[in-house]
Amino acid sequence: MLKSTANALQDLETSVERYLIELENFDMEQLLIKTNEEEWSIGQMYIHLIQTAQFMHLQHVDSCLAGNGPALATAEDKTEIGRKVYELGSFPPVRVRVPASPQYTPQQPESKEQIIEGLRSVVERMKRTEPALAGASEQSKIPHPRFGPLTAAEWFLLVEMHYRHHFMQLERLKGELSLV
């Protein structure tokens, strides 16, 4: 059973609070440390969360709600992995690796304030968007690269799952920096 969008919003707020508390434990120098060229810094992970929510997940929610842009009217369903993710309500607890590239690798943060403002802006946008999901078409979908076509509500739920999933990366990066 899918989590309700209202519950996902509450869970996202809890995750963002945890990320903000964690952020207090780092100075800017620590946020920028990379253990090697293939790894992200903790700061880059924060920027990834903000940018993915703002410029992919929530942009797709908006397109599905409006029924325009890349949104398709389709009865096509998710891939097998997509079905499993939504049935479980979370990503598998495995590390996802994407090769470093200019279009995917996030920039380093400019300041802690940039991160704080970015996280808060995601929550505010989610709060503004959530009420509109009740009237969203189940046929208006945008394909996810691994999960297949997703509705506005499914893209919305993905934000919270994505934030929760990256706690594993945060813990691993803290451990690598001996900050645990």
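- Y86 carries K78 over the face of its six-membered ring, with the cationic atom under 6.0 Å from the centre and within 45° of the normal.
- For the residue pair Q54/S121, the side-chain donor-acceptor check at 3.5 Å is satisfied.
- Under the rule for a ring pair (Phe, Tyr, Trp, His ring centres under 6.0 Å), the partners of H57 that lie at least two apart in sequence or sit in another chain are W155, H162.
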Decide yes or no on side-chain contact (heavy atoms from CB on, under 4.5 Å) for L20 and E24, but give the supporting numbers first.
CA-CA 7 Å; L20 290 170; E24 292 174 15; 5.6 Å; no
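- With ring centers used as reference points, F91 lies under 6.0 Å from F147.
- Between E130 and T5, the side chains place a donor N or O and an acceptor N or O closer than 3.5 Å (distance only, hydrogens not considered).
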May I have the step-by-step check of salt bridge (charged side-chain N to carboxylate O under 4.0 Å, His left out) for R95 and E39, ending in yes or no?
CA-CA 12 Å; R95 186 172 175 188; E39 289 291 332; 2.5 Å; yes
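- Nearest heavy atoms, T79 versus R146: OG1-O, 2.7 Å.
- At least one side-chain heavy atom of F26 sits less than 4.5 Å from a side-chain heavy atom of K174.
- Side chain to side chain, H166 and H48 meet the donor-acceptor criterion of an N or O pair below 3.5 Å.
- In this structure N7 satisfies the side chain to side chain contact (heavy atoms under 4.5 Å, CB included) test together with K3, S4, Q10, sequence neighbours excluded.
- The aromatic rings of Y19 and F167 sit parallel, their planes meeting at an angle under 30°, below the 60° perpendicular limit.
- Listed by chain and residue number, nothing satisfies the ring pair (Phe, Tyr, Trp, His ring centres under 6.0 Å) test with F156 (two or more places apart in sequence, or in another chain).
- Inspection of the S41 and Q108 side chains reveals an N or O donor paired with an N or O acceptor under 3.5 Å.
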